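Residue numbering restarts at 1 for every chain, and letters A, B, ... go by the order of the sequence lines. Only a predicted model underlies this, so the values are computations on that prediction, with no experimental measurement involved.
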There are 2 protein chains.
Amino acid sequence: MYKNKKVTSYDVAREAGVSQSAVSRVFRPGLSVSKKTRDKVMATANKMGYRPNAIARMLITKQSGMVAVIVSSRANENYPEVLSQVSKQLAARNKRVLLFTLDDAAGVDDLFEQIWTFQVDGVIALAAHFESQRLAQFEQHKVPVVLYNRNVPDASTNTVCCNHEQGIKQLLAELKLNNPQSYLVLSGPVDSDVANERREIALDLLKKSGEKNVQVLYGDYTYQSGRDCIAQWLKKNPAPDAVVCSNDTMAIGVIDEIRENHNIHIPNDMSVVGFDGIASSFWQSYQITTIKQPVEQLVKAAVDMLIEHIENADSPPEARVLTGTLIKGNSVKRS
Amino acid sequence: MYKNKKVTSYDVAREAGVSQSAVSRVFRPGLSVSKKTRDKVMATANKMGYRPNAIARMLITKQSGMVAVIVSSRANENYPEVLSQVSKQLAARNKRVLLFTLDDAAGVDDLFEQIWTFQVDGVIALAAHFESQRLAQFEQHKVPVVLYNRNVPDASTNTVCCNHEQGIKQLLAELKLNNPQSYLVLSGPVDSDVANERREIALDLLKKSGEKNVQVLYGDYTYQSGRDCIAQWLKKNPAPDAVVCSNDTMAIGVIDEIRENHNIHIPNDMSVVGFDGIASSFWQSYQITTIKQPVEQLVKAAVDMLIEHIENADSPPEARVLTGTLIKGNSVKRS
DNA sequence: CTGAAAGCGCTAACAC
DNA sequence: GTGTTAGCGCTTTCAG
């Protein structure tokens with residue numbers, strides 16, 4: 001075995017008695033090489049354990065074949081599923097995932113530095129919040145970007161989003177069947193764009209339908225915050241008839257808190273709805289009424305858009321909105 | 001703005017009136033440049049929007065600064081936490097994560113091709129199963145690798161693992177307090193090394209302590225498989241006194257199935273234990289007795305080992321085993 | 001401390 | 001169809 005140093009296309013060429021570019025051609029699909037040379041090259045390449053060096057290729061083709069995927073810690077609980085889909089679907093398009101996790105605003109500068117230096121072909125941002133000046137940088141550096149699960153008002157960015165409005169409308173309609181007199185909206189954190197959007201839509205719709213008794217609390221999307229919020233609220237206030245949570249995880253927290261510490265029956269005395277359709281929302285012990293996001297299709301849309309913009313630098317920005325599915329669970333009374 | 005093409009170190013050099021290597025030096029930390037040149041270069045670089053091209057750097061330094069992280073779909077439910085930790089801790093060591101997801105054995109060939117061509121500095125495999133010949137390839141290609149949550153008998157590979165034996169010993173001791181007469185071991189899938197290890201350890205320990213009535217069922221680590229297995233079992237058999245699940249998710253499934261369809265009380269009539277300590281195992285409605293994996297420390301160990309082997313090619317293979325924490329939940333009766 | 005020069009391993013014209 | 005040649009953008013000796 002030739003293990004002492006990395007074997008290059010030159011080494012293979014010499015050994016096979018062909019030119020270096022012949023070797024290169026053999027390993028670039030779709031280039032015309034005679035079967036004879038191809039076989040000869042392949043044979044010696046295998047013998048020598050040769051693998052083309054993607055780095056060198058990137059340098060010359062100016063395509064890294066890598067897509068930066070940014071995951072913020074504020075991401076929904078369904079992000080593992082999303083990430084796995086993203087990885088799978090990008091792989092199918094012959095792109096690799098360069099993963100970045102974003103903890104707090106502090107890391108953003110560094111993150112962007114990395115993105116530029118690594119010459120990624122594109123960026124998919126999962127539920128992260130970026131200032132609009134940040135988004136402008138992508139354009140300056142000519143790096144296509146798709147925001148997943150975000151709805152940016154000014155339509156200069158590619159976005160893919162679940163239809164929050166329609167979803168929340170359906171959830172509220174479901175709640176209305178029981179004619180609730182008081183609502184509690186349990187919002188996600190204010191630094192999450194998705195949370196803000198869901199909250200505002202809910203408040204807006206409730207207002208439009210003339211509801212007077214609507215209160216808002218702020219959690220941070222976690223189970224514990226769901227528990228804490230409702231516990232805190234019930235210390236000084238009567239139980240609301242309906243609780244509208246910005247995600248399933250908080251809804252689960254609410255349900256557990258009620259079960260443990262309060263003599264309130266869900267759904268008979270109180271209705272709870274969530275959002276996302278995460279795996280545990282379907283578990284027997286919770287069975288939350290929620291909107292299931294069409295994750296696979298959302299990711300497909302995101303990947304399609306990104307590839308389109310990578311291949312065609314001046315295609316116009318696009319926003320795609322997909323509709324989720326109402327899941328009628330047992331956290332809202334059914335007649 | 002100089003936006004028409006990527007600006008290179010030559011462009012900056014020309015503009016700043018210095019040599020190209022001067023620019024290079026400025027952007028390589030720890031190299032001696034006079035403050036005057038440094039300032040001048042920095043200023044024009046910023047003005048022109050210059051960013052060093054990491055690809056070119058990789059080509060010459062033969063270090064990509066990337067670590068391949070392989071996630072298999074068989075990974076435990078705690079993988080999001082693990083992945084997030086891995087990403088964070090590698091970032092702290094100035095490495096980027098190139099993420100690969102592995103669905104089935106079919107993709108392995110392709111995966112390995114990618115790993116070689118992308119010249120990654122190292123590999124962390126999360127709960128994936130590789131044949132030993134595969135592992136040998138890493139050595140041939142001189143790519144350091146750390147297996148996370150695997151215990152390979154032949155000690156020629158770097159591994160980091162939670163102490164399954166001690167954990168399961170503790171869980172069984174906890175169960176013993178109620179003097180169970182019959183055990184059901186609910187194993188994960190046979191193509192998961194972790195699952196096999198946990199099952200065998202449990203069976204072994206039970207045998208050693210003289211238990212006669214021990215049955216085994218095979219799930220696939222999912223919630224639904226937990227439900228299905230126990231439901232199937234109870235159709236034809238009496239309820240076991242103790243159920244030992246290979247992960248928390250299946251334990252949750254067991255609990256939910258029992259709650260919905262059987263008149264059996266947990267923990268009074270039946271005890272259930274899990275493994276992993278995933279977030280939902282602590283939820284009020286489950287509170288599983290389980291072993292919480294020390295994820296942060298496990299990842300730290302993995303990353304430390306990997307970096308060590310990247311920097312020091314001939315450090316010897318190492319296996320680190322960390323001990324988990326027994327969580328005394330409510331799925332086992334407490335006296 | 002600085003600049004000149006030689007590549008890293010490969011791709012992409014371009015002749016033959 | 002194949003070989004020759006000129007780089008991609010950077011790091012790294014090596015003189016000065």
Side-chain angles (χ1 to χ4, degrees), chain A residues 2 4-42 44-45 48-66 113-114 116-121 141, chain B residues 2 4-42 44-45 48-66 113 116-121 141-142:
Chain A
Y2 302 71
N4 286 331
K5 20 169 14 186
K6 292 251 159 166
V7 352
T8 75
S9 56
Y10 269 100
D11 302 329
V12 177
R14 197 178 318 113
E15 188 84 7
V18 296
S19 78
Q20 180 274 331
S21 44
V23 178
S24 176
R25 283 196 188 90
V26 170
F27 283 88
R28 303 238 42 216
L31 288 192
S32 51
V33 195
S34 73
K35 179 163 169 20
K36 200 172 128 201
T37 19
R38 158 163 280 124
D39 290 349
K40 193 166 48 178
V41 168
M42 270 311 205
T44 59
M48 302 176 76
Y50 168 73
R51 291 290 178 294
N53 183 330
I55 307 290
R57 191 203 320 259
M58 292 177 199
L59 183 58
I60 193 159
T61 61
K62 291 150 188 269
Q63 285 243 328
S64 66
M66 301 191 294
E113 283 306 308
Q114 307 249 16
W116 313 140
T117 63
F118 274 84
Q119 318 285 112
V120 296
D121 295 344
H141 286 261
Chain B
Y2 301 73
N4 286 330
K5 20 170 11 187
K6 292 250 157 166
V7 351
T8 75
S9 55
Y10 270 100
D11 302 329
V12 177
R14 198 179 316 113
E15 188 84 7
V18 295
S19 76
Q20 180 271 332
S21 39
V23 178
S24 174
R25 283 196 189 88
V26 170
F27 281 89
R28 301 241 48 218
L31 287 192
S32 51
V33 196
S34 72
K35 178 162 169 22
K36 200 173 129 201
T37 357
R38 158 163 280 122
D39 290 349
K40 192 165 50 179
V41 168
M42 271 311 206
T44 59
M48 303 176 75
Y50 168 73
R51 291 292 179 293
N53 182 329
I55 306 290
R57 170 158 37 219
M58 291 177 200
L59 182 59
I60 193 159
T61 60
K62 290 150 191 269
Q63 286 244 327
S64 67
M66 302 191 295
E113 284 306 309
W116 313 140
T117 63
F118 274 85
Q119 317 286 111
V120 295
D121 296 343
H141 287 262
K142 301 197 187 310

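With hydrogens and angles disregarded, no donor-acceptor distance shorter than 3.5 Å links the side chain of B/S9 to the backbone of B/S24.
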Go through the steps to decide whether B/E113 and A/R51 satisfy the test side-chain contact (heavy atoms from CB on, under 4.5 Å), and finish with yes or no.
CA-CA 8 Å; B/E113 284 306 309; A/R51 291 290 178 294; 3.0 Å; yes

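Distance CG/A/L59 to OG/A/S64: 11.5 Å, rounded to 0.5 Å. A distance of 8.0 Å separates OG in A/S34 from NZ in A/K40, rounded to the nearest 0.5 Å.
Residues B/W116 and A/K6 fail the side-chain proximity criterion, which asks for heavy atoms closer than 4.5 Å. Here the side chains of A/Y50 and A/M42 are not in contact, with every heavy-atom distance at 4.5 Å or above. Inter-residue side-chain proximity for B/Q119 and B/M58 is flagged as unmet; no heavy-atom pair is nearer than 4.5 Å. In this structure the side chain of B/V23 never reaches within 4.5 angstrom of the side chain of B/V26, judged on heavy atoms. With contacts defined as side-chain heavy-atom distances shorter than 4.5 Å, the pair B/R14/B/D11 qualifies.
Residue-level contact check: A/S24 touches the bases, meaning some heavy atom is under 4.0 Å from a base atom. Across all strands, A/T8 comes closer than 4.0 Å only to sugar-phosphate atoms, never to a base (heavy-atom distances). Residue A/V23 is out of contact with every strand shown, counting any heavy-atom pair closer than 4.0 Å. Within the nucleic acid shown, B/R25 comes within 4.0 Å of at least one base atom, counting heavy atoms only. Heavy atoms of A/F27 sit nowhere under 4.0 angstrom from any nucleic acid atom.
Nearer the 5' end of DNA chain C, as judged by each residue's closest nucleotide, is the contact made by B/S34, out of B/S34 and A/A54. Residue-to-nucleotide proximity on DNA chain D shows that, of A/V18 and B/N53, the 5′-proximal contact is made by A/V18. Nucleotides of DNA chain D nearest to B/S21 and B/L59 differ in position, and the one nearer the 5' end is that of B/L59.
In the 5' to 3' direction, nucleotides of DNA chain D lying under 4.0 Å from heavy atoms of chain B begin and end at D/dG9 to D/dT13. Between chain A and DNA chain C, the heavy-atom contact criterion of under 4.0 Å yields a 5' to 3' nucleotide range of C/dG9 to C/dA13.
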